[in-house]
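Below is one structure, written out as C-alpha cells; the observations come after it.
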Amino acid sequence: MKKILLQVSLLLMCAMIANGSVEEIAITQKKIDKWIETRQIISEERASWLGDKAMLETSEGILGDELAALNRAVELLSESSTMADIERENLQAEREEIEGSNEMLAVKVRTLEVAVQELSARFPSPLLVKVTPLLQNIPEDVSRTKNTLGQRLLTVLGVLSQADKFNGTLTLQTNARDVSGTGVQERVTTLYWGLAFAVYVDDAGKFAGMGLPGPEGWEWSTRNESASDVRRFIATYSGETDRLDFVNIPVEIR
C-alpha cells in the first residue's frame with residue numbers, strides 16, 4: 001500500500017514541477033503528504049478493524065458454546081430440582097404414612113400391654129416366676145419409657161409365649177402351704193393342668209385341694225376327702241408308681 005502511494009506521489013510531483021510555480025508545488029506537496037498520511041491511517045485502521053473483527057468472531061463462537069453449555073446446565077439443574085422436589089414429596093408422604101402406622105401400632109401395643117397385665121393376675125406362681133422380669137418391663141407411663149415400640153411388643157409376645165407354653169403342659173410344684181388351717185406350713189405338691197386347674201396334696205396324703213384361676217389370682221378350696229386319689233394321680237404323673245388306673249379327682253372347669 002505504501003509503495004502505491006509513493007508512486008502516485010511521484011507522478012503528481014512530476015506533473016506539478018512541469019506546470020506550476022515553486023509556491024504551488026510546495027502547497028501541492030503538503031496536500032499530497034496529508035493525503036498519503038490519511039490513506040495510511042485509513043489503511044492501519046482497516047487492518048486493525050479486520051483483526052478486531054476476527055477476534056470478535058472467534059469470541060462470539062466461544063461465548064456461543066459457553067452460552068449453550070450454560071443453558072444446558074440450567075436445564076439439568078431445573079430437571080434435578082424437579083426430581084428432588086418429587087423425591088422430597090415422596091419421602092414426606094412415606095414419612096407421614098410411617099408416622100401414622102407407628103401411632104396405630106403404639107395404640108395396639110398399649111392395648112396388648114394392658115391386657116397382658118390384667119391376664120397376669122390369673123397366672124399361677126410357677127408361671128409368674130418366669131414372666132415377672134418381662135412384666136416389670138411393661139411401662140406404667142408410656143410417655144416416660146425409653147423402650148421402643150419394637151422392644152415393648154417383644155416383651156408382650158414374650159409373656160404370651162410363656163403363658164401359651166405353660167398352658168400346653170402339666171407342671172409340678174413343691175412348696176410349703178398352710179393346708180390344715182392351723183398356721184402350720186406343710187410341704188405340699190401341686191400339679192397344674194395348664195391354666196385350667198390345679199390339684200395339691202401334702203406328703204402325708206391327709207390334706208388335698210384344688211385351685212382355679214380367678215380375677216385376682218388363683219382361688220384354692222379344700223378337698224381333703226379326695227386326698228388319696230389326688231396323691232395317686234400326682235404319683236402316676238411324676239413317675240413314682242408304674243400302676244395305671246382311673247382316679248377320681250375333684251376337678252372344676254370355669
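The analysis underlying the following values was restricted to heavy atoms, covering all of them including side chains, and did not include hydrogens, waters or symmetry mates.
- Residues meeting the side chain to side chain donor-acceptor pair (under 3.5 Å) test with Thr182, sequence neighbours left out: Ser180.
- Between Arg110 and Ile138, some side-chain heavy-atom pair lies under the 4.5 Å cut-off.
- Closest non-hydrogen pair, Ala227 versus Gly205, comes out as CB-O, 3.3 Å.
- When hydrophobic clusters are built by joining Ile, Leu, Val, Met, Phe, Trp and Tyr residues whose side-chain heavy atoms come closer than 4.5 Å, directly or via intermediates, Phe233 is not grouped with Trp220.
- Partners of Ser221 by side chain to side chain contact (heavy atoms under 4.5 Å, CB included), not counting sequence neighbours, listed by chain and number: Met210, Arg223.
- Every residue two or more places apart in sequence or in another chain was checked for a side chain to side chain donor-acceptor pair (under 3.5 Å) with Arg144, and none qualifies.
- Residue pairs meeting the salt bridge (Lys or Arg N to Asp or Glu O under 4.0 Å) criterion with at least one member in residues 168-181, sequence neighbours excluded, do not occur.
- In terms of the side chain to side chain contact (heavy atoms under 4.5 Å, CB included) criterion, residue partners of Asn224 (sequence neighbours excluded) are, by chain and number, Phe207, Thr222.
- Between Val109 and Val107, the closest side-chain pair of non-hydrogen atoms is not below 4.5 Å.
- Between Pro133 and Lys130 the shortest heavy-atom distance is CD-O, 3.7 Å.
- The line from CG of Leu112 to CD of Gln117 is 11.5 Å long, rounded to the nearest 0.5 Å.
- For the atom pair OG1 of Thr145 and CG of Asn137, the computed distance is 8.5 Å after rounding to the nearest 0.5 Å.
- Residue Val116 is grouped with residue Trp218 when hydrophobic side chains (ILVMFWY) are merged at heavy-atom distances under 4.5 angstrom, including chains of intermediate members.
- Between Leu119 atom CG and Phe123 atom CZ the span is 4.0 Å, to the nearest 0.5 Å.
- Partners of Ser143 by side chain to side chain donor-acceptor pair (under 3.5 Å), not counting sequence neighbours, listed by chain and number: Asp141.
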Would you mind writing out the side-chain donor-acceptor pairs for residues 149-159 within the sub-3.5 Å range, not counting sequence neighbours?
| unit_1 | atom_1 | unit_2 | atom_2 | d |
| --- | --- | --- | --- | --- |
| Gln151 | OE1 | Thr148 | N | 2.9 |
| Arg152 | NE | Glu113 | OE2 | 2.9 |
| Arg152 | NH2 | Glu113 | OE1 | 3.1 |
| Thr155 | OG1 | Gln151 | O | 3.0 |

* **side chain to side chain contact (heavy atoms under 4.5 Å, CB included) between Leu172 and Ser238, worked out** => CA-CA 8 Å; Leu172 275 176; Ser238 62; 3.7 Å; yes
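- Residues Leu170 and Ile234 fall within the same hydrophobic cluster, defined by Ile, Leu, Val, Met, Phe, Trp and Tyr side chains chained together at heavy-atom separations under 4.5 Å.
- A distance of 7.0 Å separates CG in Leu128 from CG in Leu135, rounded to the nearest 0.5 Å.
- Rounded to the nearest 0.5 Å, atoms OG (Ser228) and NZ (Lys206) are 14.0 Å apart.
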Which atom pairs, donor and acceptor, lie under 3.5 Å between side-chain atoms of residues 186-201 and protein residues at least two apart or in another chain?
| unit_1 | atom_1 | unit_2 | atom_2 | d |
| --- | --- | --- | --- | --- |
| Arg187 | NH1 | Asp203 | OD1 | 3.1 |
| Arg187 | NH1 | Asp203 | OD2 | 2.8 |
| Tyr192 | OH | Gln173 | OE1 | 3.4 |

